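Worksheet: one structure, shown below.
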Amino acid sequence: MLSDVKNSINDLQLTILQDFFELRMREYAGDSWKQEVKQVVTKRSLANDQYSPTYRSVYDVIEEKGIETINKRSFDITLVTAFLLFDFYDKCKVGTAFKKQIKCIREDKNGFISHNSDMGDRLTNSIMALSCLKNLKIFVEYLEQADWSGSDKDLFVETYKDKVNRVIQEFYANIEERELEAIEIKSDVDVYLKGILQEQEEHAEQYIPLSYKRLDNLNDQYDLEEINKQNERGFVLFAEAGYGKTWSLLKLASSYADDYLNAKSDVIPIFIKMGQVASDSRQIIMEYIREKLFCNKIQNDDVISFLRKNKIVLFIDGFDEAISSVKEAVKAEMAGLFSDYKQIAIIGGTREADRFKFPEKLVQYHICDLSESQLEQFVEKFVEPQYREKVKRLLLNPDSYFSKIRTPFYITCYANIVNEGVVSPSSITEIVSICLDKMIEREIRIKGFHCTEAYMNEFLFALGSALGEKSSMLESEALRMIESQTKNTIPEGTSISAVEDRLIEMHVIKAYMAGRKKYLAFHSVHYRMLFSETGNDDALLDF
């Protein structure tokens, strides 16, 4: 019976987190782990934040019964999740995606409980059950591969892998063949969309609404919701690194995902990160859908059928981050899908050099520099209270170097510098150097890096030859000089970042300065930021 399967899933969801929590807490704090829990509950219950009401109610129970009388089965799954997500995360974590996995299981369980009363809806219950089982299986597989060296890891993983597989077999034994395909597809989509929601929620507290200018009308500014309503077939957001392209796309994609999962809309968002694509295929989007949504269980013909039957929004994020062959393949594939499937919309994010690779009918918008009010919002979110007024004065003073900083990434970098105690760095050079390091961290270690060392050295050699003894020049001049010394023709409208497809301006700057002790070409935006208006290059000495 399906009701028996649901009971088995409920038990699995509860025990897998509780057992894992106790296991990791014992490794962290030994037999005194309950006292550690009590201290955290006490501290959190007194805090003035969104979690304090939950901890307050748990604190009352602990005080009434005594922490020693409460075994792991008495801890509510919501509280266990809260521990794992917050106070004990750094001690008990097993990887960067850990929070997302834990939260998925808890939300699955909460959804299951609220739907338990309607056992007559067999199809919906089956879809929910399979979605929950897939997330449990993903979690166990994730723990197996994670960098966690606890003494009981292997036993824990094997125990729960076996339990999950048994319940999965029990589930399939209760499903009729004619229902299976519909249940599989819907559960796959639900699991995928929950992943989008989880990723966005991890950054939700940092999000600040941005402003956008339509390329053919630079006088007016729009917000993201306005743009989306005005462009049924999609649009393109473009800007240089750090302006908030991914932020914007992920925010919108999560809104679509939430509406679909709550039956408010039948539109399915598919979020493709181009920097993570490495394929020689000419059907990269098709393969992405087949792999990410359906775990390679269906063929490309089935993907085509899926696209025909559903309303889809393709989010193509970081187009500029892909290698040339992937860009060309996706460009052609987007054009075909946009032409052949009228129910498919495309929303893209890229740097300026690649904005023309999207279908011509898509309206293009540039992300605006942050306004004064947006800067103040950033300061309120990111800067410690004791430093806020000083930071605001620096950022909003038109005569200050910092008044040229108007992108989300650089503002957060500066906020981090301040919060770390460097309230007044010794020089502009120091701040720029820190920001460059953080940009490299973001672009190379987080997003991935596809440029080979040989190609980078060749590029830097050509750039050094082009510069000669000059300390700096605008990139338009440098590109012309590089073109004259290399075999490749540089297309009209390209930028330094597009010369080798992946190497962003900031990384070239840092790598070149570190190895050659010279400056190089700057995009005009960065040139204005890094050098004074008088053209005095001494503003950026001594890297």
Side-chain angles (χ1 to χ4, degrees), residues 8-45 47 49-63 65-113 132-133 135-164 167 194 198 201-202:
S8 298
I9 294 172
N10 276 325
D11 184 61
L12 266 178
Q13 289 170 319
L14 185 66
T15 58
I16 194 170
L17 290 190
Q18 290 175 324
D19 286 354
F20 180 74
F21 175 67
E22 181 174 1
L23 174 66
R24 299 299 283 145
M25 286 307 302
R26 283 191 181 280
E27 290 182 358
Y28 162 53
D31 291 336
S32 64
W33 69 272
K34 290 184 180 180
Q35 291 304 320
E36 292 277 346
V37 169
K38 183 176 180 180
Q39 289 177 22
V40 170
V41 170
T42 303
K43 178 182 176 182
R44 280 287 189 179
S45 67
D49 60 29
Q50 58 183 312
Y51 310 107
S52 55
T54 298
Y55 284 97
R56 181 74 236 176
S57 60
V58 176
Y59 176 80
D60 292 340
V61 173
I62 289 176
E63 285 298 290
K65 296 185 177 181
I67 187 70
E68 296 79 10
T69 67
I70 299 178
N71 60 33
K72 70 176 188 297
R73 300 291 174 186
S74 303
F75 282 102
D76 179 77
I77 192 169
T78 303
L79 178 61
V80 173
T81 306
F83 289 142
L84 291 170
L85 290 183
F86 300 102
D87 296 87
F88 296 117
Y89 171 68
D90 287 334
K91 301 295 182 183
C92 300
K93 68 180 179 180
V94 289
T96 55
F98 179 53
K99 296 186 198 179
K100 187 188 302 183
Q101 305 279 355
I102 294 284
K103 205 168 183 180
C104 257
I105 295 174
R106 187 198 66 184
E107 290 181 352
D108 279 350
K109 182 167 181 61
N110 291 343
F112 233 175
I113 291 172
C132 291
L133 286 169
N135 278 327
L136 287 169
K137 188 173 183 179
I138 288 170
F139 181 62
V140 175
E141 291 172 348
Y142 175 77
L143 291 180
E144 185 176 30
Q145 299 299 320
D147 183 18
W148 162 32
S149 57
S151 57
D152 295 320
K153 172 184 174 180
D154 291 343
L155 177 61
F156 180 90
V157 169
E158 287 303 316
T159 298
Y160 275 101
K161 186 188 290 186
D162 183 57
K163 287 183 178 181
V164 171
V167 178
K194 286 176 185 176
Q198 295 295 340
E201 285 176 10
E202 288 183 19

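Note that the coordinates shown come from a computational prediction; the quantities given were computed from them, not determined experimentally. The first residue in the sequence is number 1, and the count goes up from there.
Here the closest heavy-atom approach between residue L12 and residue V164 is recorded as CD1-CA, 4.1 Å. Across all their heavy atoms, A47 and S52 have their closest contact at O-CB, 2.9 Å. Of all non-hydrogen atoms in K34 and I67, the two that sit nearest each other are O-CG1, 3.4 Å. For Q13 against C132, the heavy-atom pair with the smallest separation is NE2-SG, 3.4 Å. When every heavy atom of T42 is checked against every heavy atom of Y59, the shortest pair comes out as OG1-CE1, 3.4 Å.
L143 contributes atom CG, which lies 11.5 Å from atom CG of D154 (distance to the nearest 0.5 angstrom). Atom CG of N135 and atom OH of Y142 lie 14.0 Å apart (nearest 0.5 Å). Atom-to-atom distance recorded for I105:CD1 and I9:CD1 is 12.5 Å, nearest 0.5 angstrom. Interatomic distance, I138 CD1 to L133 CG, rounded to the nearest 0.5 Å: 11.0 Å. Rounding to the nearest 0.5 Å gives a distance of 9.5 Å between OG1 of T159 and CG of D152. If you take CG on L155 and CG on L23, they are separated by 9.0 Å, rounding to the nearest 0.5 Å.
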Notebook entry, point to check: Can you list the steps and then say if R44 with V58 is a side chain to side chain contact (heavy atoms under 4.5 Å, CB included)?
Noted result: CA-CA 10 Å; R44 280 287 189 179; V58 176; over 6 Å; no
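Partners of R26 under the side-chain hydrogen bond (donor to acceptor under 3.5 Å, both in side chains) rule, at least two apart in sequence or in another chain, are E22, D31. With sequence neighbours left out, K161 forms a side chain to side chain contact (heavy atoms under 4.5 Å, CB included) with V140, E144, V157, E158, N165. Contacts of E141 classified as side-chain hydrogen bond (donor to acceptor under 3.5 Å, both in side chains), with partners at least two apart in sequence or in another chain: none. In this view, K163 satisfies the salt bridge (charged side-chain N to carboxylate O under 4.0 Å, His left out) rule with no residue, not counting sequence neighbours. The salt bridge (charged side-chain N to carboxylate O under 4.0 Å, His left out) search around E63 returns K38, not counting sequence neighbours.
Taking the six-membered ring where tryptophan is involved, the planes of F139 and F20 are perpendicular, since the angle between them exceeds 60° and thus also 30°.
Without hydrogens or angle criteria, Y160 side chain to L136 main chain gives no donor-acceptor distance under 3.5 Å.
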